[in-house]
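Every chain is numbered from 1, with letters handed out A, B, ... down the list of sequences.
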Amino acid sequence: MKPNNPMGNPYRMSDIEEGRLSYTEDYFEVWYRWSLGKYLGKYLEGLKNGVILGRRCRVCGRIYVPPREVCQYCFRETDDWIDVGDVGRVNTAVVSYIQADRTRIDKPLIIAVIELEGASEGMGILHRLGDVDPEDVISRRIFGKKVKAVWKPPEERTGSINDILYFKLVEEV
Amino acid sequence: MKMNINFKNRVACVGAGMTLFRRRLQETPDELMWLAAKTALDEAGLTIRDIDCIVFGTAPDNFDGIHMQSEALADGGGAINKPYTRVFVGGGTGVFSAIAGWWHVASGLCKRVLVIAEEKMSHVQPHPQYLFHHIFDPVTEKPLGVNLIWIFALEMHRYMYKYNISKEDIAKVSVKNKRNALDHPAAQLGAEITVEDVLNSEVLVWPVQKLDISPVSDGAVAIVYTDEEGAKQLTDEPIWIEGVGWSLDTMYWTNRDLAFPTYLYYAGKMAYKMAGIHNPRKEIDFAEVYDPFDYKELHHMEGLQLARKGEAPILTREGVTERDGDLPINPSGGLLGVGNPIAAAGLMKVAEVFWQLRGEAGRRQVKKDVVTGLAQAWGDLMQVGTVIIMRR
Ligand SMILES: [Zn+2]
(Lines give C-alpha, C1' and ligand atoms only; values in the text may rest on other atoms or scores of the structure.)
Protein backbone atom coordinates (compact mmCIF):
# COMPACT_ATOMS: atom_id res chain seq x y z
CA MET A 1 0.00 0.00 0.00
CA LYS A 2 1.32 3.44 -0.97
CA PRO A 3 2.69 5.72 0.32
CA ASN A 4 5.76 3.61 0.98
CA ASN A 5 7.35 4.06 4.37
CA PRO A 6 6.31 7.63 5.27
CA MET A 7 9.03 8.92 7.62
CA GLY A 8 9.27 11.57 10.34
CA ASN A 9 9.68 11.75 14.10
CA PRO A 10 6.71 13.28 15.93
CA TYR A 11 7.14 15.09 19.25
CA ARG A 12 4.90 16.57 21.95
CA MET A 13 4.99 19.91 23.72
CA SER A 14 5.92 18.00 26.87
CA ASP A 15 9.14 16.83 25.14
CA ILE A 16 10.16 20.51 24.97
CA GLU A 17 8.84 21.47 28.41
CA GLU A 18 10.56 18.56 30.11
CA GLY A 19 13.88 19.09 28.33
CA ARG A 20 13.93 15.98 26.14
CA LEU A 21 14.23 17.95 22.90
CA SER A 22 16.51 20.85 21.97
CA TYR A 23 15.07 24.00 20.40
CA THR A 24 15.78 27.67 19.90
CA GLU A 25 13.45 30.68 20.11
CA ASP A 26 13.21 34.15 18.66
CA TYR A 27 10.57 36.69 17.75
CA PHE A 28 10.50 39.79 15.64
CA GLU A 29 8.31 42.84 15.37
CA VAL A 30 7.93 44.71 12.11
CA TRP A 31 6.40 48.16 11.94
CA TYR A 32 4.43 49.06 8.81
CA ARG A 33 3.04 52.40 7.68
CA TRP A 34 0.69 51.91 4.75
CA SER A 35 -0.01 54.76 2.37
CA LEU A 36 -3.63 54.56 1.37
CA GLY A 37 -3.71 55.88 -2.19
CA LYS A 38 -6.56 57.86 -3.69
CA TYR A 39 -9.37 55.45 -3.02
CA LEU A 40 -8.98 53.82 0.38
CA GLY A 41 -7.68 57.16 1.72
CA LYS A 42 -10.92 58.86 0.77
CA TYR A 43 -12.91 55.88 2.09
CA LEU A 44 -11.37 56.35 5.56
CA GLU A 45 -11.83 60.13 5.33
CA GLY A 46 -15.49 59.45 4.59
CA LEU A 47 -15.80 57.19 7.63
CA LYS A 48 -14.37 59.99 9.78
CA ASN A 49 -17.23 62.16 8.50
CA GLY A 50 -19.83 59.47 9.10
CA VAL A 51 -20.25 58.58 5.43
CA ILE A 52 -19.61 55.26 3.65
CA LEU A 53 -18.28 55.91 0.17
CA GLY A 54 -18.28 53.66 -2.88
CA ARG A 55 -17.09 54.02 -6.48
CA ARG A 56 -19.27 53.62 -9.55
CA CYS A 57 -18.28 52.33 -12.99
CA ARG A 58 -20.44 54.14 -15.55
CA VAL A 59 -20.04 51.41 -18.17
CA CYS A 60 -21.52 48.49 -16.22
CA GLY A 61 -23.14 50.61 -13.51
CA ARG A 62 -21.60 48.67 -10.63
CA ILE A 63 -21.03 50.49 -7.37
CA TYR A 64 -18.11 49.06 -5.40
CA VAL A 65 -17.66 49.15 -1.63
CA PRO A 66 -14.91 49.41 -0.47
CA PRO A 67 -14.12 51.87 -3.29
CA ARG A 68 -11.37 51.04 -5.74
CA GLU A 69 -9.58 52.31 -8.78
CA VAL A 70 -10.47 49.66 -11.35
CA CYS A 71 -13.76 47.98 -12.29
CA GLN A 72 -12.86 44.28 -12.26
CA TYR A 73 -15.43 43.49 -14.94
CA CYS A 74 -14.68 46.33 -17.40
CA PHE A 75 -10.98 46.77 -16.53
CA ARG A 76 -11.24 50.55 -16.65
CA GLU A 77 -11.02 53.29 -14.07
CA THR A 78 -14.13 53.77 -11.98
CA ASP A 79 -15.83 57.14 -12.47
CA ASP A 80 -17.79 58.55 -9.52
CA TRP A 81 -17.85 58.71 -5.75
CA ILE A 82 -21.20 57.53 -4.34
CA ASP A 83 -22.49 57.89 -0.78
CA VAL A 84 -23.94 54.41 -0.34
CA GLY A 85 -25.63 55.18 3.00
CA ASP A 86 -25.16 53.40 6.29
CA VAL A 87 -28.12 51.04 6.05
CA GLY A 88 -27.86 47.55 4.64
CA ARG A 89 -28.95 43.94 4.87
CA VAL A 90 -27.27 40.94 6.50
CA ASN A 91 -25.83 38.67 3.79
CA THR A 92 -24.35 36.25 6.31
CA ALA A 93 -23.52 36.29 10.04
CA VAL A 94 -21.67 34.13 12.58
CA VAL A 95 -21.04 33.94 16.32
CA SER A 96 -17.34 34.08 17.25
CA TYR A 97 -16.14 32.61 20.54
CA ILE A 98 -12.45 33.19 19.73
CA GLN A 99 -10.19 36.14 18.95
CA ALA A 100 -7.55 36.43 16.26
CA ASP A 101 -4.99 34.32 18.19
CA ARG A 102 -7.63 31.62 18.82
CA THR A 103 -7.89 32.35 22.58
CA ARG A 104 -11.48 32.12 23.81
CA ILE A 105 -13.57 35.19 24.66
CA ASP A 106 -16.27 35.40 27.33
CA LYS A 107 -18.85 37.43 25.46
CA PRO A 108 -19.22 36.14 21.90
CA LEU A 109 -18.88 38.55 18.98
CA ILE A 110 -21.39 38.65 16.13
CA ILE A 111 -19.63 39.13 12.80
CA ALA A 112 -21.43 39.76 9.53
CA VAL A 113 -21.14 40.61 5.86
CA ILE A 114 -23.50 43.54 5.28
CA GLU A 115 -24.73 44.52 1.83
CA LEU A 116 -25.16 48.29 1.86
CA GLU A 117 -28.32 49.57 0.21
CA GLY A 118 -26.63 52.16 -1.98
CA ALA A 119 -24.08 49.70 -3.41
CA SER A 120 -24.61 47.06 -6.09
CA GLU A 121 -26.14 43.75 -5.11
CA GLY A 122 -23.60 41.43 -3.51
CA MET A 123 -21.16 44.22 -2.53
CA GLY A 124 -20.81 43.55 1.17
CA ILE A 125 -18.47 44.81 3.87
CA LEU A 126 -17.22 42.99 6.94
CA HIS A 127 -18.28 44.34 10.34
CA ARG A 128 -19.70 43.55 13.76
CA LEU A 129 -23.38 43.40 14.71
CA GLY A 130 -24.39 44.75 18.11
CA ASP A 131 -27.41 44.21 20.38
CA VAL A 132 -28.15 40.93 18.64
CA ASP A 133 -29.27 37.67 20.22
CA PRO A 134 -26.83 34.92 19.11
CA GLU A 135 -29.85 32.62 18.76
CA ASP A 136 -31.12 34.77 15.89
CA VAL A 137 -27.78 34.21 14.16
CA ILE A 138 -27.65 30.47 14.85
CA SER A 139 -31.21 30.06 13.51
CA ARG A 140 -30.28 32.28 10.53
CA ARG A 141 -33.41 34.37 11.17
CA ILE A 142 -31.17 37.41 10.97
CA PHE A 143 -30.20 36.78 7.34
CA GLY A 144 -31.68 39.41 5.02
CA LYS A 145 -32.65 41.71 7.89
CA LYS A 146 -32.07 45.44 7.75
CA VAL A 147 -29.24 46.93 9.85
CA LYS A 148 -27.84 50.44 10.36
CA ALA A 149 -24.38 51.66 11.37
CA VAL A 150 -23.84 52.91 14.92
CA TRP A 151 -21.05 55.48 14.73
CA LYS A 152 -18.54 56.67 17.29
CA PRO A 153 -19.09 60.29 18.35
CA PRO A 154 -17.46 62.56 15.70
CA GLU A 155 -14.68 63.75 18.06
CA GLU A 156 -13.58 60.15 18.68
CA ARG A 157 -13.34 59.13 15.03
CA THR A 158 -9.88 58.61 13.58
CA GLY A 159 -10.54 57.66 9.96
CA SER A 160 -10.82 53.91 10.49
CA ILE A 161 -13.25 51.09 9.81
CA ASN A 162 -13.65 51.14 13.60
CA ASP A 163 -15.28 54.61 13.40
CA ILE A 164 -18.35 52.42 12.99
CA LEU A 165 -18.84 50.71 16.36
CA TYR A 166 -21.17 48.09 14.94
CA PHE A 167 -24.36 47.67 12.93
CA LYS A 168 -27.68 47.34 14.78
CA LEU A 169 -30.98 45.85 13.68
CA VAL A 170 -33.59 48.33 12.49
CA GLU A 171 -36.29 45.78 11.81
CA GLU A 172 -37.67 42.92 13.84
CA VAL A 173 -36.16 39.47 13.52
CA MET B 1 -7.31 15.70 -27.07
CA LYS B 2 -8.92 19.14 -27.08
CA MET B 3 -7.37 22.01 -25.25
CA ASN B 4 -7.41 25.75 -25.04
CA ILE B 5 -3.67 26.13 -24.66
CA ASN B 6 -0.79 24.72 -26.66
CA PHE B 7 1.94 22.55 -25.31
CA LYS B 8 4.74 20.55 -26.79
CA ASN B 9 5.12 17.43 -24.68
CA ARG B 10 2.75 15.07 -22.97
CA VAL B 11 3.64 14.82 -19.26
CA ALA B 12 3.59 11.69 -17.09
CA CYS B 13 3.78 11.29 -13.34
CA VAL B 14 6.10 8.37 -12.54
CA GLY B 15 6.61 8.49 -8.78
CA ALA B 16 5.40 10.01 -5.52
CA GLY B 17 6.48 10.00 -1.90
CA MET B 18 5.69 11.68 1.37
CA THR B 19 6.58 12.02 5.05
CA LEU B 20 4.25 11.40 7.93
CA PHE B 21 1.78 14.22 8.53
CA ARG B 22 1.85 15.13 12.25
CA ARG B 23 1.02 18.07 14.56
CA ARG B 24 4.75 18.39 15.37
CA LEU B 25 7.69 16.74 13.64
CA GLN B 26 11.26 17.03 14.91
CA GLU B 27 12.72 17.31 11.39
CA THR B 28 13.53 20.77 10.01
CA PRO B 29 11.75 21.90 6.81
CA ASP B 30 14.70 20.96 4.59
CA GLU B 31 14.97 17.58 6.30
CA LEU B 32 11.27 17.00 5.54
CA MET B 33 11.85 17.97 1.90
CA TRP B 34 14.71 15.51 1.66
CA LEU B 35 12.63 12.65 3.06
CA ALA B 36 9.77 13.27 0.62
CA ALA B 37 12.04 13.89 -2.39
CA LYS B 38 14.13 10.77 -1.78
CA THR B 39 11.03 8.57 -1.41
CA ALA B 40 9.52 9.92 -4.65
CA LEU B 41 12.75 9.51 -6.61
CA ASP B 42 13.16 5.95 -5.30
CA GLU B 43 9.62 5.13 -6.36
CA ALA B 44 10.31 6.53 -9.84
CA GLY B 45 13.63 4.67 -10.07
CA LEU B 46 15.57 7.91 -10.58
CA THR B 47 18.28 9.85 -8.76
CA ILE B 48 18.73 13.60 -8.39
CA ARG B 49 21.27 13.47 -11.27
CA ASP B 50 18.42 12.55 -13.61
CA ILE B 51 16.39 15.63 -12.63
CA ASP B 52 16.59 18.75 -14.82
CA CYS B 53 14.82 21.17 -12.53
CA ILE B 54 12.99 21.46 -9.22
CA VAL B 55 9.66 23.13 -8.50
CA PHE B 56 8.88 23.93 -4.88
CA GLY B 57 5.65 24.91 -3.17
CA THR B 58 5.17 26.28 0.33
CA ALA B 59 2.64 28.63 1.93
CA PRO B 60 3.36 31.94 3.77
CA ASP B 61 7.02 32.61 4.64
CA ASN B 62 6.07 33.45 8.20
CA PHE B 63 5.56 29.81 9.13
CA ASP B 64 9.32 29.30 9.10
CA GLY B 65 10.11 32.89 10.12
CA ILE B 66 12.73 33.08 7.36
CA HIS B 67 11.54 35.45 4.67
CA MET B 68 13.23 33.70 1.77
CA GLN B 69 11.86 30.29 2.41
CA SER B 70 12.55 28.60 -0.91
CA GLU B 71 16.21 29.60 -0.91
CA ALA B 72 16.62 28.46 2.69
CA LEU B 73 15.36 25.00 1.81
CA ALA B 74 17.06 24.46 -1.55
CA ASP B 75 19.57 21.91 -0.21
CA GLY B 76 16.87 19.56 1.08
CA GLY B 77 15.15 19.71 -2.30
CA GLY B 78 18.25 18.78 -4.29
CA ALA B 79 18.09 22.16 -6.03
CA ILE B 80 21.72 23.28 -5.79
CA ASN B 81 23.08 24.31 -9.19
CA LYS B 82 19.82 23.48 -10.92
CA PRO B 83 16.93 25.65 -12.17
CA TYR B 84 14.71 26.06 -9.10
CA THR B 85 11.33 27.76 -8.86
CA ARG B 86 9.02 28.47 -5.97
CA VAL B 87 5.32 29.03 -6.60
CA PHE B 88 2.83 30.37 -4.08
CA VAL B 89 -0.95 30.76 -4.08
CA GLY B 90 -1.69 30.20 -0.39
CA GLY B 91 -3.62 27.00 0.27
CA GLY B 92 -3.85 26.40 -3.48
CA THR B 93 -0.06 26.03 -3.64
CA GLY B 94 0.16 22.23 -3.42
CA VAL B 95 -1.81 21.60 -6.59
CA PHE B 96 -0.34 24.72 -8.20
CA SER B 97 3.19 23.36 -7.68
CA ALA B 98 2.06 20.25 -9.60
CA ILE B 99 0.72 22.54 -12.35
CA ALA B 100 3.98 24.52 -12.47
CA GLY B 101 5.97 21.27 -12.64
CA TRP B 102 3.75 20.22 -15.54
CA TRP B 103 4.51 23.32 -17.62
CA HIS B 104 8.26 22.83 -17.17
CA VAL B 105 7.95 19.51 -19.03
CA ALA B 106 5.00 20.35 -21.30
CA SER B 107 6.88 23.35 -22.71
CA GLY B 108 9.82 21.18 -23.70
CA LEU B 109 12.12 23.05 -21.32
CA CYS B 110 12.86 20.03 -19.11
CA LYS B 111 12.57 16.27 -19.47
CA ARG B 112 12.41 15.28 -15.81
CA VAL B 113 11.10 17.45 -12.98
CA LEU B 114 10.92 16.96 -9.23
CA VAL B 115 7.99 18.76 -7.56
CA ILE B 116 8.13 19.17 -3.77
CA ALA B 117 5.67 20.80 -1.38
CA GLU B 118 6.53 21.30 2.27
CA GLU B 119 4.95 22.94 5.28
CA LYS B 120 6.00 23.12 8.88
CA MET B 121 3.42 25.02 10.90
CA SER B 122 4.46 23.89 14.36
CA HIS B 123 7.22 26.53 14.66
CA VAL B 124 4.66 29.26 15.34
CA GLN B 125 3.72 30.03 18.97
CA PRO B 126 1.34 29.91 20.69
CA HIS B 127 -0.82 28.88 17.71
CA PRO B 128 -0.12 28.98 13.95
CA GLN B 129 -3.60 30.35 13.32
CA TYR B 130 -2.53 33.85 14.37
CA LEU B 131 -0.33 34.22 11.28
CA PHE B 132 -3.42 34.23 9.14
CA HIS B 133 -4.46 37.50 10.76
CA HIS B 134 -1.82 39.04 8.50
CA ILE B 135 -3.30 37.89 5.20
CA PHE B 136 -6.20 40.31 5.50
CA ASP B 137 -6.52 43.83 4.13
CA PRO B 138 -4.80 46.13 6.66
CA VAL B 139 -7.21 49.01 5.97
CA THR B 140 -10.69 47.55 5.71
CA GLU B 141 -10.51 44.32 7.70
CA LYS B 142 -7.52 43.81 10.00
CA PRO B 143 -8.55 46.60 12.40
CA LEU B 144 -11.70 44.57 13.16
CA GLY B 145 -9.51 41.86 14.78
CA VAL B 146 -10.33 39.39 12.05
CA ASN B 147 -9.73 35.68 12.61
CA LEU B 148 -9.28 33.30 9.69
CA ILE B 149 -12.13 31.11 10.88
CA TRP B 150 -14.53 34.08 10.65
CA ILE B 151 -14.47 34.12 6.90
CA PHE B 152 -14.95 30.38 6.59
CA ALA B 153 -17.81 30.47 9.07
CA LEU B 154 -19.39 33.37 7.15
CA GLU B 155 -19.08 31.46 3.88
CA MET B 156 -20.33 28.18 5.39
CA HIS B 157 -23.34 29.90 6.94
CA ARG B 158 -24.25 31.65 3.67
CA TYR B 159 -23.99 28.31 1.84
CA MET B 160 -26.21 26.64 4.48
CA TYR B 161 -28.73 29.51 4.23
CA LYS B 162 -28.92 29.57 0.46
CA TYR B 163 -29.50 25.83 0.01
CA ASN B 164 -31.03 25.03 3.40
CA ILE B 165 -28.24 22.64 4.36
CA SER B 166 -28.08 21.07 7.81
CA LYS B 167 -25.03 20.83 10.07
CA GLU B 168 -25.68 17.07 10.22
CA ASP B 169 -25.16 16.65 6.48
CA ILE B 170 -21.99 18.72 6.55
CA ALA B 171 -20.64 16.75 9.53
CA LYS B 172 -20.94 13.55 7.45
CA VAL B 173 -17.98 14.77 5.38
CA SER B 174 -15.78 14.94 8.47
CA VAL B 175 -16.92 11.48 9.59
CA LYS B 176 -16.22 9.99 6.13
CA ASN B 177 -12.80 11.58 5.66
CA LYS B 178 -11.49 10.77 9.13
CA ARG B 179 -12.64 7.16 8.64
CA ASN B 180 -10.95 6.99 5.20
CA ALA B 181 -7.73 8.26 6.78
CA LEU B 182 -7.57 5.21 9.07
CA ASP B 183 -6.22 3.38 6.01
CA HIS B 184 -3.58 6.00 5.16
CA PRO B 185 -0.08 5.12 6.47
CA ALA B 186 0.90 8.80 6.87
CA ALA B 187 -2.34 10.10 8.39
CA GLN B 188 -2.45 12.35 11.44
CA LEU B 189 -6.12 12.15 12.38
CA GLY B 190 -7.66 8.95 11.12
CA ALA B 191 -10.54 8.13 13.46
CA GLU B 192 -13.89 6.46 13.76
CA ILE B 193 -16.15 9.34 14.85
CA THR B 194 -19.88 10.03 14.63
CA VAL B 195 -21.96 12.96 13.44
CA GLU B 196 -22.80 13.57 17.13
CA ASP B 197 -19.09 13.86 17.97
CA VAL B 198 -18.77 16.64 15.38
CA LEU B 199 -21.91 18.42 16.59
CA ASN B 200 -20.75 18.18 20.23
CA SER B 201 -17.21 19.42 19.58
CA GLU B 202 -16.01 22.85 20.72
CA VAL B 203 -17.80 25.72 18.97
CA LEU B 204 -15.16 28.10 17.60
CA VAL B 205 -17.14 30.43 15.34
CA TRP B 206 -20.68 29.19 14.82
CA PRO B 207 -21.38 27.29 12.58
CA VAL B 208 -17.75 26.08 12.63
CA GLN B 209 -16.86 23.57 15.36
CA LYS B 210 -13.55 21.94 16.13
CA LEU B 211 -14.24 18.68 14.27
CA ASP B 212 -15.38 20.62 11.17
CA ILE B 213 -11.75 21.75 10.72
CA SER B 214 -8.57 20.03 9.56
CA PRO B 215 -5.65 20.08 12.00
CA VAL B 216 -2.40 22.04 12.09
CA SER B 217 0.34 19.83 10.61
CA ASP B 218 3.96 19.37 9.57
CA GLY B 219 4.84 17.34 6.49
CA ALA B 220 6.17 17.17 2.94
CA VAL B 221 5.21 15.46 -0.34
CA ALA B 222 7.05 15.06 -3.66
CA ILE B 223 6.19 13.79 -7.13
CA VAL B 224 8.28 13.15 -10.24
CA TYR B 225 7.33 14.02 -13.83
CA THR B 226 8.90 12.96 -17.10
CA ASP B 227 8.12 13.51 -20.76
CA GLU B 228 6.50 10.70 -22.76
CA GLU B 229 9.73 9.10 -23.90
CA GLY B 230 11.19 9.12 -20.39
CA ALA B 231 8.02 7.63 -18.95
CA LYS B 232 8.08 4.68 -21.34
CA GLN B 233 11.65 3.87 -20.31
CA LEU B 234 10.72 3.88 -16.63
CA THR B 235 7.33 2.27 -16.26
CA ASP B 236 4.52 0.35 -17.91
CA GLU B 237 2.06 2.38 -15.87
CA PRO B 238 2.66 6.09 -16.42
CA ILE B 239 -0.12 8.34 -15.21
CA TRP B 240 -0.74 11.19 -17.65
CA ILE B 241 -1.44 14.78 -16.73
CA GLU B 242 -4.40 15.51 -18.98
CA GLY B 243 -5.69 18.85 -17.80
CA VAL B 244 -4.64 21.76 -15.60
CA GLY B 245 -6.58 24.86 -14.63
CA TRP B 246 -6.33 27.74 -12.22
CA SER B 247 -8.23 30.95 -11.61
CA LEU B 248 -8.34 33.79 -9.10
CA ASP B 249 -11.23 35.85 -7.77
CA THR B 250 -10.99 39.29 -6.14
CA MET B 251 -9.25 39.92 -2.82
CA TYR B 252 -12.47 41.76 -1.83
CA TRP B 253 -14.04 38.52 -0.65
CA THR B 254 -17.06 40.29 0.90
CA ASN B 255 -18.05 41.29 -2.65
CA ARG B 256 -18.21 37.69 -3.84
CA ASP B 257 -20.96 35.09 -4.09
CA LEU B 258 -20.18 33.20 -0.88
CA ALA B 259 -22.55 30.33 -1.67
CA PHE B 260 -20.73 29.28 -4.84
CA PRO B 261 -16.96 29.09 -5.51
CA THR B 262 -16.76 30.98 -8.80
CA TYR B 263 -12.92 30.89 -8.76
CA LEU B 264 -13.11 27.11 -8.93
CA TYR B 265 -15.80 26.99 -11.60
CA TYR B 266 -13.43 28.78 -14.00
CA ALA B 267 -10.38 26.73 -12.94
CA GLY B 268 -12.36 23.52 -13.50
CA LYS B 269 -13.65 24.69 -16.88
CA MET B 270 -10.09 25.32 -18.04
CA ALA B 271 -8.90 21.87 -16.94
CA TYR B 272 -11.96 20.09 -18.37
CA LYS B 273 -11.57 21.78 -21.74
CA MET B 274 -7.94 20.74 -21.93
CA ALA B 275 -8.78 17.15 -20.95
CA GLY B 276 -11.69 17.01 -23.41
CA ILE B 277 -14.21 16.49 -20.60
CA HIS B 278 -17.77 17.62 -21.31
CA ASN B 279 -19.67 16.04 -18.45
CA PRO B 280 -17.50 16.09 -15.32
CA ARG B 281 -20.04 14.18 -13.19
CA LYS B 282 -19.87 11.22 -15.59
CA GLU B 283 -16.28 11.46 -16.81
CA ILE B 284 -14.42 12.08 -13.53
CA ASP B 285 -14.25 8.70 -11.75
CA PHE B 286 -13.12 10.04 -8.36
CA ALA B 287 -11.72 13.26 -6.94
CA GLU B 288 -9.52 14.63 -4.20
CA VAL B 289 -11.18 18.00 -3.54
CA TYR B 290 -9.84 20.49 -1.03
CA ASP B 291 -11.36 19.92 2.40
CA PRO B 292 -9.69 22.05 5.10
CA PHE B 293 -13.27 22.40 6.40
CA ASP B 294 -15.99 19.80 5.89
CA TYR B 295 -18.37 22.20 4.11
CA LYS B 296 -15.59 23.05 1.63
CA GLU B 297 -15.64 19.52 0.21
CA LEU B 298 -19.31 20.08 -0.68
CA HIS B 299 -18.75 23.64 -1.90
CA HIS B 300 -15.88 22.50 -4.11
CA MET B 301 -17.77 19.51 -5.56
CA GLU B 302 -20.35 22.03 -6.77
CA GLY B 303 -17.73 24.48 -8.07
CA LEU B 304 -16.17 21.60 -10.03
CA GLN B 305 -19.60 20.64 -11.46
CA LEU B 306 -19.34 17.22 -9.79
CA ALA B 307 -22.68 18.07 -8.18
CA ARG B 308 -25.39 20.61 -8.97
CA LYS B 309 -25.68 23.66 -6.72
CA GLY B 310 -26.89 22.53 -3.30
CA GLU B 311 -26.71 18.85 -4.32
CA ALA B 312 -23.37 17.81 -2.79
CA PRO B 313 -24.80 17.31 0.73
CA ILE B 314 -27.46 15.01 -0.73
CA LEU B 315 -24.87 12.91 -2.60
CA THR B 316 -22.89 12.67 0.63
CA ARG B 317 -25.93 11.60 2.65
CA GLU B 318 -26.71 8.92 0.04
CA GLY B 319 -23.18 7.48 0.26
CA VAL B 320 -22.25 8.40 -3.32
CA THR B 321 -18.97 9.96 -2.16
CA GLU B 322 -17.81 6.99 -0.05
CA ARG B 323 -14.93 4.86 -1.31
CA ASP B 324 -17.35 2.22 -2.56
CA GLY B 325 -19.75 4.82 -3.98
CA ASP B 326 -20.33 5.98 -7.53
CA LEU B 327 -18.22 9.15 -7.10
CA PRO B 328 -15.62 8.61 -4.37
CA ILE B 329 -14.45 11.94 -2.91
CA ASN B 330 -11.26 12.14 -0.85
CA PRO B 331 -10.52 8.42 -0.60
CA SER B 332 -7.19 9.42 1.01
CA GLY B 333 -8.96 10.87 4.02
CA GLY B 334 -8.33 14.41 2.84
CA LEU B 335 -7.05 17.28 4.93
CA LEU B 336 -9.60 16.46 7.62
CA GLY B 337 -8.11 13.01 8.11
CA VAL B 338 -4.58 12.86 6.70
CA GLY B 339 -3.75 16.36 7.94
CA ASN B 340 -3.17 19.84 6.60
CA PRO B 341 0.46 20.91 6.20
CA ILE B 342 -0.87 23.49 3.77
CA ALA B 343 1.11 23.20 0.52
CA ALA B 344 2.03 19.57 1.23
CA ALA B 345 -1.64 18.70 1.75
CA GLY B 346 -2.49 19.84 -1.79
CA LEU B 347 0.31 17.79 -3.31
CA MET B 348 -0.74 14.82 -1.15
CA LYS B 349 -4.01 14.93 -3.10
CA VAL B 350 -2.14 14.74 -6.41
CA ALA B 351 -0.11 11.79 -5.06
CA GLU B 352 -3.33 10.07 -3.98
CA VAL B 353 -4.82 10.40 -7.47
CA PHE B 354 -1.57 8.92 -8.85
CA TRP B 355 -1.63 5.93 -6.47
CA GLN B 356 -5.36 5.31 -6.96
CA LEU B 357 -4.98 5.33 -10.77
CA ARG B 358 -2.10 2.85 -10.48
CA GLY B 359 -4.21 0.63 -8.20
CA GLU B 360 -1.62 0.98 -5.44
CA ALA B 361 -3.75 2.47 -2.67
CA GLY B 362 -4.19 -0.87 -0.88
CA ARG B 363 -6.96 -0.70 1.70
CA ARG B 364 -7.79 2.80 0.46
CA GLN B 365 -8.32 1.68 -3.14
CA VAL B 366 -11.72 2.80 -4.40
CA LYS B 367 -14.04 -0.02 -5.35
CA LYS B 368 -14.86 0.99 -8.91
CA ASP B 369 -12.40 0.75 -11.77
CA VAL B 370 -10.88 4.21 -12.19
CA VAL B 371 -9.36 5.78 -15.28
CA THR B 372 -9.68 9.52 -14.66
CA GLY B 373 -9.08 11.34 -11.37
CA LEU B 374 -8.99 14.97 -10.30
CA ALA B 375 -7.14 16.82 -7.54
CA GLN B 376 -7.98 20.35 -6.46
CA ALA B 377 -6.85 22.93 -3.94
CA TRP B 378 -7.97 26.37 -2.81
CA GLY B 379 -6.34 29.27 -1.11
CA ASP B 380 -5.08 32.82 -0.85
CA LEU B 381 -7.89 34.89 0.71
CA MET B 382 -10.44 32.18 -0.23
CA GLN B 383 -9.97 33.27 -3.82
CA VAL B 384 -7.89 30.82 -5.87
CA GLY B 385 -8.82 27.48 -7.42
CA THR B 386 -6.16 25.05 -8.72
CA VAL B 387 -7.12 21.86 -10.58
CA ILE B 388 -5.25 18.95 -12.13
CA ILE B 389 -6.75 15.99 -14.02
CA MET B 390 -4.86 12.71 -14.42
CA ARG B 391 -5.53 9.56 -16.46
CA ARG B 392 -4.00 6.14 -16.76
ZN1 LIG C 1 -17.62 48.21 -14.98
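For residues 62-111 of chain A, every residue pair satisfying the ring pair (Phe, Tyr, Trp, His ring centres under 6.0 Å) rule, not counting sequence neighbours, is listed here: A/Tyr39-A/Trp81. Applying the side chain to side chain donor-acceptor pair (under 3.5 Å) definition to pairs two or more places apart or across chains, those involving residues 9-35 of chain A are A/Asn9-B/Glu27, A/Asp15-A/Arg20, A/Glu18-A/Arg20.
Using a 4.5 Å heavy-atom cutoff, the side chains of A/Gln72 and B/Tyr252 are not in contact.
Contact annotation for B/Leu258: only side-chain heavy atoms (C-beta onward) come within less than 4.5 Å of a heavy atom of chain A. Contacts of A/Asn91 with chain B are made by both backbone and side-chain atoms, with heavy-atom separations under 4.5 Å. If you measure heavy-atom distances from B/His157 to chain A, the contacts under 4.5 Å come from both the backbone and the side chain. For chain B, no part of A/Ile114 is nearby; none of its heavy atoms comes within less than 4.5 Å. Of the atoms belonging to B/Arg23, not a single heavy atom falls under 4.5 Å from chain A. In this structure, the portions of B/Tyr161 lying under 4.5 Å from any heavy atom of chain A include both its backbone and its side chain. For a residue to count as touching a neighbouring chain, one of its non-hydrogen atoms must lie under 4.5 Å from one of that chain's; by this rule B/Ala16 does not touch chain A.
Interface with chain B: from residues 42-59 of chain A, residues A/Tyr43, A/Leu44 qualify, criterion being any non-hydrogen pair under 4.5 Å. Within residues 116-128 of chain A, the residues having any heavy atom under 4.5 Å from a heavy atom of chain B are, by residue number, A/Gly122, A/Met123, A/Gly124, A/Ile125, A/Leu126, A/His127, A/Arg128.
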